[in-house]
Amino acid sequence: MTYFSIVLEQIFIFVIYAVTMSVLSALPTMTSVTMLAQIQKSADELKEREKHMKPKIILFDLDGTLLPMDQDVFVKYYFGCLAAKMIPCGYDAKKLVEGIWTGIAGMVQNDGSCTNEEAFWKCFSGIFGDRVFADKPLFEEFYRVEFQQARKVCGFDPLASETVNRLKEMGLRVVLATNPVFPAIATESRIRWAGLEPESFEWYTTYENSHYCKPNPDYYREIMQRLGCAPKDCLMVGNDVEEDMAAETLGMRVFLLTNCLINKEEKDISVYPHGNLEDLMRYIENM
């Protein structure tokens, strides 16, 4: 064998070796890419199937959902009743309303380090001082008595109680996921105005038992932790695009009630299943 032939043979062997190693090194990568694609495909298919599985838990908003109302009219009347109660006790009406809004902002911004009740009174006392703690019984009396007058500016839909009862008959768990900026006594009153009882729900959120507010996803996480469930088990029903449809970011399914629709940012609601309570029942029954 000539020197030239030996050189050619060595070059050929080197090329074969290089190509073989290149192919071998590419195989794991190709396999990984294929596996990742398959995993993603399976995840997408599972997610699609879950969309059509009947939920185990239905979460309802209250104001504007089970209890028809114009929120602006309700808030104006509610604040008017509160001012009428507290002015004779030495509170300035304008400052009182500003204090309530400040307290609400404190609850909305709550980071979970305290209950919403604690967050509210911390902010409210920051405006009026410690006297508010001595006046707490007056505020509690307000919710027992004068607050009940606000019922007159709310509507009533017999389908609310019929829907809740029908869902429970179907074996579904029903929860009231109303924004927890009210004390329990005020929430329980509004539940009754809607033709239901607090006992109609497995759980209902109030400022005493919650550490977050809508639209913070942690509000929904806290409910799921309480119920011991996963997002795929839940369907959130509400009338506020920003606050109630936020549950979708966690993987919950959602249904937008449009009778008293709140859509401050004028989003396209066609991306959500939507309609009235009758449409909701059809939506659930057809899953």
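Reckoned from all heavy atoms, side chains included, excluding hydrogens, waters and symmetry mates. In this text, all values refer to a predicted model and were calculated from it rather than measured experimentally.
Here the two rings, on F128 and F124, have centers that are under 6.0 Å apart.
Not a single side chain to side chain donor-acceptor pair (under 3.5 Å) links E162 to another residue, sequence neighbours left out. In terms of the side chain to side chain donor-acceptor pair (under 3.5 Å) criterion, Y220 has no residue partners (sequence neighbours excluded).
Under the 4.0 Å criterion applied to side-chain N and carboxylate O atoms, R253 and E248 are not assigned as salt-bridge partners. Salt bridge annotation for K54-E285: absent, with no cationic side-chain nitrogen under 4.0 angstrom from a carboxylate oxygen. Using a cutoff of 4.0 Å between basic side-chain nitrogens and carboxylate oxygens, D240 and K264 are not scored as salt-bridged.
Taking the ring centre of W121 as origin, the terminal cationic atom of K136 falls inside the region bounded by 6.0 Å and 45° from the ring axis. Cation-pi geometry between R131 and Y91 is met: under 6.0 angstrom from the ring centre, within 45 degrees of the axis.
Just one residue in the list Y78, Y207, Y204 forms a ring pair (Phe, Tyr, Trp, His ring centres under 6.0 Å) with F182, and that residue is Y78.
Contact record, L227 with W203: CD2-CB, 4.3 Å, taken as the closest heavy-atom pair.
Of the possible polar contacts, one joining the E208 side chain to the A184 backbone as a donor-acceptor pair under 3.5 Å is found.
Residues N116 and S210 have side chains that never bring a donor and an acceptor to within less than 3.5 angstrom of each other.
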